[in-house]
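What follows is one structure encoded as structure tokens, with my remarks underneath.
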Amino acid sequence: LPRPPQTDPARPCLALQRLLGAGEGVGGVVGRGLSRVCPPQSGARINISEGNCPERIITLAGPTNAIFKAFAMIIDKLEEDISSTMTNSTAASRPPVTLRLVVPASQCGSLIGKGGCKIKEIRESTGAQVQVAGDMLPNSTERAITIAGIPQSIIECVKQICVVMLESPPKGVTIPYRPKPSSSPVIFAGGQVRPLLCSP
């Protein structure tokens with residue numbers, strides 16, 4: 001695999017990553033102080049979509065190193081949430097941490113690779129489970145990538161996905177996915193990955 005771009009001082013890189021999460025879960029991440037991971041001087045920006053939605057988008061933009069630090073903190077928070085809900089379980093019996101990236105559909109071909117060779121390589125080298133959704137998210141040209149595993153596997157997986165996305169920019173116009181507001185409470189079942197940043 002090529003080295004992550006941020007390791008080359010002659011090639012400063014910017015990256016944009018979007019995560020899809022349940023509204024309450026996103027609130028927990030904010031409460032933890034996500035902005036402290038990427039202070040203004042880092043050049044990174046963090047935005048969380050507004051509104052009474054069952055899903056919200058966390059957008060991370062800036063130098064890849066800063067984005068990876070933010071991802072690591074988010075994953076730590078998700079692991080804490082799982083641990084707090086399963087206090088009597090052993091580490092081996094806990095479900096993996098799960099998060100979802102939202103990426104332009106035009107970049108998914110590069111992530112999958114010819115005959116699925118690239119995504120297979122990412123799975124084998126990181127130990128993470130990676131699934132690229134076949135369909136685009138509603139009213140958008142973006143697709144969801146679900147990543148599950150232990151925290152270190154997920155962080156390494158995100159780094160490799162960033163490398164591919166930086167090397168293969170999106171083609172054409174990207175219509176971003178915007179979660180729709182909900183007028184009634186939404187309850188997510190355990191194990192349901194589709195709408196969740198974390199699936200306890």
Side-chain angles (χ1 to χ4, degrees), residues 1-21 44 46 55 57-76 78-79 95-179 191-199:
L1 285 174
R3 287 191 309 167
Q6 79 281 1
T7 62
D8 184 352
R11 185 186 172 195
C13 287
L14 296 178
L16 174 68
Q17 289 292 345
R18 283 155 55 81
L19 294 94
L20 184 59
I46 299 171
E55 297 176 317
I57 298 283
I58 301 177
T59 303
L60 307 173
T64 48
N65 273 336
I67 284 180
F68 295 154
K69 287 180 182 178
F71 265 108
M73 197 210 89
I74 290 169
I75 292 164
D76 284 346
L78 298 183
E79 188 179 39
V97 175
T98 301
L99 61 76
R100 299 174 69 217
L101 300 180
V102 180
V103 303
S106 62
Q107 291 180 291
C108 289
S110 298
L111 287 169
I112 295 170
K114 187 175 181 180
C117 63
K118 187 63 183 178
I119 196 166
K120 180 181 178 183
E121 179 183 300
I122 292 174
R123 286 173 182 147
E124 291 178 348
S125 64
T126 65
Q129 302 171 46
V130 189
Q131 295 291 334
V132 180
D135 298 325
M136 286 185 278
L137 291 161
N139 304 312
S140 77
T141 58
E142 294 188 308
R143 286 158 73 178
I145 300 176
T146 303
I147 306 171
I150 63 173
Q152 190 54 47
S153 294
I154 293 177
I155 293 168
E156 185 57 36
C157 184
V158 169
K159 288 181 179 180
Q160 293 194 27
I161 288 173
C162 271
V163 170
V164 175
M165 293 179 68
L166 287 166
E167 292 177 345
S168 305
K171 301 176 181 68
V173 177
T174 298
I175 301 172
Y177 172 59
R178 301 183 188 282
Q192 176 68 28
V193 175
R194 167 69 180 82
L196 295 181
L197 186 65
C198 174
S199 177

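All values reported here derive from a predicted model rather than from experimental measurement.
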Check whether [X] reaches the backbone of [Y] with its side chain - one donor and one acceptor, N or O, closer than 3.5 Å.
X      : Y      : result
Gln129 : Ala148 : no
Thr126 : Cys157 : no
Thr141 : Ile175 : yes
Gln107 : Met165 : yes

Steps toward side chain to side chain contact (heavy atoms under 4.5 Å, CB included) verdict (Ile58, Leu60):
CA-CA 7 Å; Ile58 301 177; Leu60 307 173; 4.0 Å; yes
Mind checking the CD-CZ spacing from Glu156 to Phe71? Nearest 0.5 Å is all I need.
->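 CZ of Phe71 is found 13.0 Å from CD of Glu156.
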| task | Measure the spacing between CD1 of Ile145 and CD1 of Ile122 and express it to the nearest 0.5 Å. | result |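 One gets 8.0 Å once the value is rounded to the nearest 0.5 Å.
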Q) Under the criterion side-chain contact (heavy atoms from CB on, under 4.5 Å), which of Pro169, Ser168, Pro170 is the partner of Ser110? A)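 So, applying the side-chain contact (heavy atoms from CB on, under 4.5 Å) to Ser110 and each of Pro169, Ser168, Pro170, only Ser168 qualifies.
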Any side-chain heavy atom of Thr64 within less than 4.5 Å of one from Leu166?
->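 Yes, their side chains come closer than 4.5 Å.
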Inset, instruction - Please report the shortest heavy-atom distance between Tyr177 and Pro138, naming the atom on each side. - result: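 Of all heavy-atom pairs spanning Tyr177 and Pro138, the closest is CD1-O, 3.4 Å.
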Using the side chain to side chain contact (heavy atoms under 4.5 Å, CB included) rule, take Ile147 and Ile161 through it: C-alpha gap first, then chi angles, then the decisive distance, then the call.
-> CA-CA 11 Å; Ile147 306 171; Ile161 288 173; 3.8 Å; yes
Could you walk me through whether Leu137 and Arg100 pass the side chain to side chain contact (heavy atoms under 4.5 Å, CB included) check? CA-CA 12 Å; Leu137 291 161; Arg100 299 174 69 217; 4.0 Å; yes
(request) With sequence neighbours excluded, tell me which residues meet side chain to side chain contact (heavy atoms under 4.5 Å, CB included) with Arg143. (result)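 Checked Arg143 against side chain to side chain contact (heavy atoms under 4.5 Å, CB included); matches are Ala105, Cys108, Ile112, Val132, Met136.
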Side chains of Ser125 and Gln160: is there a donor and an acceptor less than 3.5 Å apart?
->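 Per modelled atom types, Ser125 and Gln160 side chains form a pair under 3.5 Å.
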Run the side chain to side chain contact (heavy atoms under 4.5 Å, CB included) test on Thr174 and Glu142 for me, step by step, so that the C-alpha distance in whole Å, both residues' side-chain angles and the decisive distance to 0.1 Å come before the verdict. CA-CA 7 Å; Thr174 298; Glu142 294 188 308; 3.9 Å; yes
